[in-house]
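Structure record follows, encoded as structure tokens.
Just so it is clear: chains get the letters A, B, ... in the order the sequence lines come, proteins before strands, and each one is counted from 1. Owing to the predicted nature of the structure, the values given are computational and were not obtained by experimental measurement.
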Amino acid sequence: MPSVELEHVSKNYGQIQALKDVSLNLSEPSCIGILGPNGAGKTTLLKILTNIVKPSSGKAMVNGRNPSHEPEKALTDVGALVEQPEFYPYLTARELLTFVARIKGISRSNAEDEIKRVSGLTSITSYLDRKAGTFSRGMKQRLSLASAMIGDPEILILDEPTFGLDPKGMKETRDLIRKLNSERKRIIILSTHLINEAQEICDRIVIMNEGIIAYDTMNSRDEAGIRIEVSALPDHLEIPDRLAVDYRIDGKMIILRKNLNATNSEIIEHLQNLGLKINWVVPQNDIENIYVSIVS
Amino acid sequence: MGNNIRNFAIVTSYYFKNYYRSKSFYLMLIISLLVSCLMTYFSLRYINSMSQLFPRLNFSGIGNETKEMIFGYLWSFVLLDLPVFAAVFFGSSAVSSEIENKTAFHIFPLPIGRGNLLISKYIAAVAVTVITVMVYVFVQAAVFVYLFNGLLITAFFQSVGLLMIFIFSIMAFTFLISSIFNKNTYAYITVFLIYFLVFNASGIIIEFLYKSNPFYLLNISAQIIDKVYINISASPFSNSFSLAPAGMGEIIRSVAVMIIYGVISISTALIIFDQKEVK
């Protein structure tokens, strides 16, 4: 079973603290979307998982191994596309993919089949014999994605995979990630600026801001779910069944699933009658509003 | 262990491909060919009029072997600069380019140790340098066989062997400098300044001030490559001159200096590269 674990990870770049005591545990095959503004720490988190930077403190483990100390073992079953990588300009796409396949332990004879598979998935088959130095940004992005998928890894780390792609390429890439996720055999970590992309594809959504995980939720596609933030909660809160079939409290947040016969107004009215001051109400699946409220 | 060796061979072969297809490789090849053509012309032009080259020396009755030693020295003296240029071309940006050109984002997440990556690239850079420099060496051998009906086997192979050690050593030193920087331009400028200014200036200053031979400088120890023909000092402050080749003691000392430079440089480069981060 693939696993990714971050325990109290912090990362400083000089005076700048890019990650602050971040903990995250992924042990089930699923797709987790990481959202956040520029400088939120999304890419730093992915870089720590892929041995591009080392944590200043805390522990990062991939499949039970530390990628900084044992990259040969920790990263064997990991495919990564971090930032917008460049390639050795005088090697062809085929050679670059063969290079990755061979390092991942795929035999020379099987490497050709694997390259055929991943180049087909990323639509670069006709460019395989061109040198990477001649590729456009979009083609490089496709090549990066193909490289990440070599060996059908258990963990896919994708940092803005649709960056630089045309609308058709973006759709193809999203469809591909969705398909990979539907197989339910790998962990996919998808960092993106596009909220709808994360909502469309991911099972879980994490919003990062200023180096911390500010929000972490299952990506609910349940229209009956709403989130209500109140100024202060009473010691005891009861919401009748006629209004909500289920509810829980998370800090100043009341997260509930409405009874199908109830309206938002009735629920708000009930809470106001209990003396609660309501700050805002958003649908549970309205990540955009939650994102805006966090980053602003 | 087996996997490591396998991966090392794979990475080296791909780095080698990337090097030999580069413009730098062809530029170095052209420089090497051009210099060997000039030296061929020089040798053919002066083989029978050596007194024009060294007016103070009496060349009457000089043997073929001594002539070959003198030309061997001159060819090797010129050869010394080729590994330096190759190191600048292939080594200066070897590590810094991984960061500046963002290829690190592709290779660091692969299941291979950083040490393996660095050593593979180092071996590939040494290999392409050897190829470009060997062009000159082969032309030298051909010209000598033509002019002298044969090669002074011992001196020639000693010189080539020492050249190989120098290539390993200077490339390691260049990789060390490259690993310090994240920008190619800084790496190029620093390598250039160290080889063509710092080393030469240090050598001259030490010799001038302390009247001692700074054999511990890499460029001075590399002079053993031509001294195996004639043990002449190129320093303007030295009076030592002899047509005899360098002795075994001097060869061993120079080899030791080059190996120490090589081992310390590549070990330090490995430590720096292992800690390297791409922000």
Non-hydrogen atoms of [X] and [Y] that approach each other most closely:
| X | Y | result |
| --- | --- | --- |
| A:K54 | B:E277 | N-OE2, 2.7 Å |
| B:R21 | A:T92 | NH1-N, 4.3 Å |
| B:F105 | A:I52 | CD2-CD1, 3.6 Å |
| A:L75 | B:L110 | CD1-O, 3.9 Å |
| A:P89 | B:N18 | N-OD1, 3.8 Å |
| A:V53 | B:V278 | CG1-O, 3.6 Å |

> What residue, out of A:K131, A:E70, A:K73, A:K47, has the most heavy-atom pairs lying under 4.5 Å from chain B?
Replying inline: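 Greatest number of close heavy-atom pairs with chain B: A:K47.
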>> If I measure from the heavy atoms of chain B, does A:S68 come under 4.5 Å with its side chain, its backbone, both, or neither?
In response: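 For A:S68, neither part sits under 4.5 Å from chain B.
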>> Need one label for A:S144: side chain, backbone, both or neither, based on atoms under 4.5 Å from any heavy atom in chain B.
In response: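 Neither part; nothing is under 4.5 Å.
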> Which region of B:E98, side chain (C-beta onward) or backbone (N, CA, C, O), has a non-hydrogen atom less than 4.5 Å from a non-hydrogen atom of chain A, or is it both or neither?
Replying inline: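 Contact with chain A is through the side chain of B:E98 alone.
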> Is chain A contacted by the side chain of B:Y20, its backbone, both, or neither, given a heavy-atom distance below 4.5 Å?
Replying inline: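 Neither part, no heavy atoms under 4.5 Å.
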Between atom [atom1] of [X] and atom [atom2] of [Y], what is the distance when rounded to the nearest 0.5 Å?
| X | Y | atom1 | atom2 | answer |
| --- | --- | --- | --- | --- |
| A:E72 | B:N7 | CD | CG | 8.5 Å |
| A:E83 | B:K102 | CD | NZ | 5.0 Å |
| B:I112 | A:K104 | CD1 | NZ | 12.5 Å |
| A:K11 | B:K279 | NZ | NZ | 7.5 Å |
| B:S22 | A:Y88 | OG | OH | 13.5 Å |
| B:T103 | A:L96 | OG1 | CG | 10.5 Å |

> Quick one: does A:R102's side chain have a donor or acceptor within less than 3.5 Å of a partner on B:R6's backbone?
Replying inline: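 Judged by distance alone, no pair lies under 3.5 Å.
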> Is a side-chain N or O of B:R114 found less than 3.5 angstrom from the main chain of A:N51, in a donor-acceptor match?
Replying inline: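 Looks like yes, one N/O pair under 3.5 Å.
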>> Counting only heavy atoms from other residues, nucleotides and ligands, does the tally under 6.0 Å from CZ of B:F196 exceed 12?
In response: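 Atom CZ in B:F196 is packed in, count exceeds 12.
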> Mind checking whether A:F99 and B:H106 have parallel, tilted or perpendicular rings, split at 30° and 60°?
Replying inline: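 Taking B:H106 first and then A:F99, their aromatic rings sit tilted (interplane angle of 30° to 60°).
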>> Which residue is it: A:L81, A:T50, A:V78, A:L46? I am looking for the one with a side-chain contact (heavy atoms from CB on, under 4.5 Å) to B:P109.
In response: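 With B:P109 as partner, side-chain contact (heavy atoms from CB on, under 4.5 Å) holds for just one option, A:T50.
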